[in-house]
There are 2 protein chains.
Amino acid sequence: MQSTTSQSKLEEAKKIFTAYLERKELRKTPERFAILEEIYRRQDHFDVESLYISMKSKNYRVSRATVYNTLDLLVECDLVTKHQFGGNMARYEKSYGYRQHDHLICLDCHQVLEFCDPRIQSIQNMVGELLQFNIKHHSLVLYGHCQKNECPNKKQPAEKKNG
Amino acid sequence: MQSTTSQSKLEEAKKIFTAYLERKELRKTPERFAILEEIYRRQDHFDVESLYISMKSKNYRVSRATVYNTLDLLVECDLVTKHQFGGNMARYEKSYGYRQHDHLICLDCHQVLEFCDPRIQSIQNMVGELLQFNIKHHSLVLYGHCQKNECPNKKQPAEKKNG
DNA sequence: CTCGGTGCAAAGCTTTTGCATCCGC
DNA sequence: GCGGATGCAAAAGCTTTGCACCGAG
């Protein structure tokens, strides 16, 4: 049962993006749609540079400026989500047709896992009510040590003083 | 009943920092303690530049390099917490003797509010158990529109198409 | 044809690094 | 006095901006 395949999500996303561009009276340039396609082909939490590189490596002629500009548009129409996972560089992921989720990041190998918990929505509602905020979105990230063998710091570094 | 005043928190923090420096065999330089004091005097969620500027304006001779270096040490011994609230620049706040809390940020005026909810701890525990992670800390930030009069975008811009 | 969008490179900002000097231990 | 820590400035890394050209409407 794949009622919504990766491909159909891309098609839906294109329609949404088109409608958004029309509503804002922005131009439907090939670069904008190429970037949207590249993003929906990806599965990871990517940064701007890696998206730029992967388009360049396919001989697509784009500039970083356009990638940044288009990402802003895609974030604004909710087709892409932007994250600040702690480094100095933003990370992005496609978000149309994917369940709302939060993230878990390994402090050692930096892998990113996803999880869902309905309580976050309740907290969001409750706090918004309590503090009189009209909450639009949230960011929850848990940081810890994973237990994979590939992970560089698998064994907890046991508090060594000077021996 | 102010069993722990702001002043006594600073004193406690100094002891913890001293112990930490000794344990790590690092030097107890005046700059390090001056930075700790300045941080514990502050009440806001500050960035490096504003901490640096406020020390400079008091004619204290410090460099950004030392501020960055010391902040790393303070974060490592849990006297200061580092946040990435979405911009490209990190924000910090003192954390010794203050209750664990999360943040709510106005998308318009960027004010930062704090709130507590015990359910976050449960989520953290549950997810760590489920995904086999040894979770060390988390970051939950809610973004929304506040309802203060001072706020620049007080009135919600009602989806205007073209007229 | 218009003027918004693009590519490229330069500039901007935050953070890190190199090196001579300084001072805690 | 030794070697870690500091101050300063230069460099690095991510993002934004300026400008001439291009192409969507």
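Just so we're on the same page: letters track the sequence lines, and every chain starts at 1.
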Item to check | Flag for A:Q43-A:K94: side-chain donor and acceptor within less than 3.5 Å | outcome: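 Yes, A:Q43 and A:K94 have a side-chain donor paired with an acceptor closer than 3.5 Å.
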
Next on the checklist: With no hydrogens and no angle check, just 3.5 Å: does a side-chain donor-acceptor pair link A:N125 and A:E129?
Outcome noted: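 The criterion, which ignores hydrogens and geometry beyond distance, is not satisfied for A:E129 and A:N125.
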
Checklist entry - Is the cationic atom of B:K9 (NZ for Lys, CZ for Arg) positioned less than 6.0 Å from the six-membered ring centroid of B:Y96 and within 45 degrees of its normal? => result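 Pair B:K9/B:Y96 does not count as cation-pi.
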
Checklist entry - How are the rings of B:H101 and B:H45 set to each other: parallel, tilted or perpendicular (split at 30° and 60°)? => result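 If you compare the ring of B:H101 with that of B:H45, the planes turn out perpendicular.
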
Checklist entry - Which of parallel (below 30°), tilted (30 to 60°) and perpendicular (above 60°) describes B:Y98 and B:Y40? => result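 Taking B:Y40 first and then B:Y98, their aromatic rings sit tilted (interplane angle of 30° to 60°).
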
Next on the checklist: Reading DNA chain D from 5' onward, which residue's closest nucleotide shows up sooner: B:R32 or B:A65?
Outcome noted: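 Its nucleotide being nearer the 5' end, the pick is B:R32.
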
Next on the checklist: Quick check for you: to the nearest 0.5 Å, what is the distance between A:L71 atom CG and A:E76 atom CD?
Outcome noted: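 It is 13.0 Å, given to the nearest 0.5 Å.
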
Next on the checklist: To the closest 0.5 Å, what do you measure between CG (B:L26) and CZ (B:F17)?
Outcome noted: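 So the gap between those two atoms works out to 8.5 Å.
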
For residues 32-39 of chain B, dump all side-chain donor-acceptor pairs below 3.5 Å to protein atoms at least two apart in sequence or in another chain.
{"residue": "B:R32", "atom": "NH1", "partner": "B:R27", "partner atom": "O", "Å": "2.7"}
{"residue": "B:E37", "atom": "OE2", "partner": "B:K14", "partner atom": "NZ", "Å": "2.9"}
{"residue": "B:E38", "atom": "OE1", "partner": "B:K58", "partner atom": "NZ", "Å": "2.8"}
{"residue": "B:E38", "atom": "OE2", "partner": "B:S54", "partner atom": "OG", "Å": "3.3"}
{"residue": "B:E38", "atom": "OE2", "partner": "B:K58", "partner atom": "NZ", "Å": "3.2"}

Checklist entry - What's the verdict on salt bridge (Lys or Arg N to Asp or Glu O under 4.0 Å) for B:R42 and B:E93, showing C-alpha distance, side-chain angles and the deciding distance? => result CA-CA 8 Å; B:R42 286 181 158 261; B:E93 71 179 315; over 6 Å; no

Next on the checklist: Tell me whether B:V75 shares a hydrophobic cluster with B:L21, the cluster being built from Ile, Leu, Val, Met, Phe, Trp, Tyr side chains joined at under 4.5 Å.
Outcome noted: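 Hydrophobic grouping puts B:V75 with B:L21.
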
Next on the checklist: Please determine whether residues A:Y143 and B:I120 belong to a single hydrophobic cluster, defined as Ile, Leu, Val, Met, Phe, Trp and Tyr linked transitively by side-chain heavy-atom distances below 4.5 Å.
Outcome noted: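 No, A:Y143 and B:I120 fall in different hydrophobic clusters.
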
Next on the checklist: What range of DNA chain D does chain B touch, first nucleotide to last, counting atoms under 4.0 Å from its heavy atoms?
Outcome noted: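 Contact span on the strand: D:dG3 to D:dT15.
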
Rounded to whole Å, please give me the gap between [atom1] in [X] and [atom2] in [N].
X	N	atom1	atom2	value
A:D72	C:dG4	CG	C1'	16 Å
B:D47	C:dT14	CG	P	7 Å
B:R91	C:dT14	CZ	C1'	13 Å
A:L71	C:dT6	CG	C1'	15 Å

Checklist entry - Phosphate oxygens OP1/OP2 of C:dT6: is one of them under 4.0 Å from a side-chain N or O of A:N69? => result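 For C:dT6, OP1/OP2 do have a side-chain N/O of A:N69 under 4.0 Å.
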
Next on the checklist: Under 4.0 Å from OP1 or OP2 of C:dT16: is there any side-chain N or O of B:Y68 that close?
Outcome noted: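 So the side-chain polar atoms of B:Y68 never come under 4.0 Å of the phosphate oxygens OP1 or OP2 of C:dT16.
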
Side-chain contact, heavy-atom cut-off 4.5 Å: [X] with [Y]?
X	Y	result
A:F115	A:L140	yes
B:Y92	B:L74	no
A:R91	A:D44	no

Checklist entry - How does protein reach along nucleotides 20-25 of chain C, written 5' to 3' as B (base within reach of a heavy atom under 4.0 Å), S (only sugar-phosphate), or - (no contact)? => result ---BBS

Checklist entry - Of all of residues 51-63 of chain B, which get a heavy atom below 4.0 angstrom from DNA chain C, listed by number? => result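 When residues 51-63 of chain B is checked for heavy atoms under 4.0 Å from DNA chain C, there are no hits whatsoever.
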
Next on the checklist: With the threshold set at under 4.0 Å for non-hydrogen atoms, list the residues of residues 80-87 of chain B touching DNA chain C in residue-number order.
Outcome noted: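 Those residues: none at all.
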
Checklist entry - Are the aromatic ring centres of A:H103 and A:F85 under 6.0 angstrom apart? => result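 Yes - the distance between ring centres of A:H103 and A:F85 falls below the 6.0 Å cut-off.
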
Item to check | salt bridge (Lys or Arg N to Asp or Glu O under 4.0 Å) between B:E114 and B:R99, intermediate numbers included | outcome: CA-CA 10 Å; B:E114 304 178 348; B:R99 187 174 171 185; over 6 Å; no

Item to check | Terminal helix-axis angle for the helix from C:dC1-D:dG25 to C:dC25-D:dG1, with five pairs defining each axis and rounding to 10 degrees | outcome: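 End-to-end axis angle for the helix from C:dC1-D:dG25 to C:dC25-D:dG1: 30°, rounded to 10°.
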
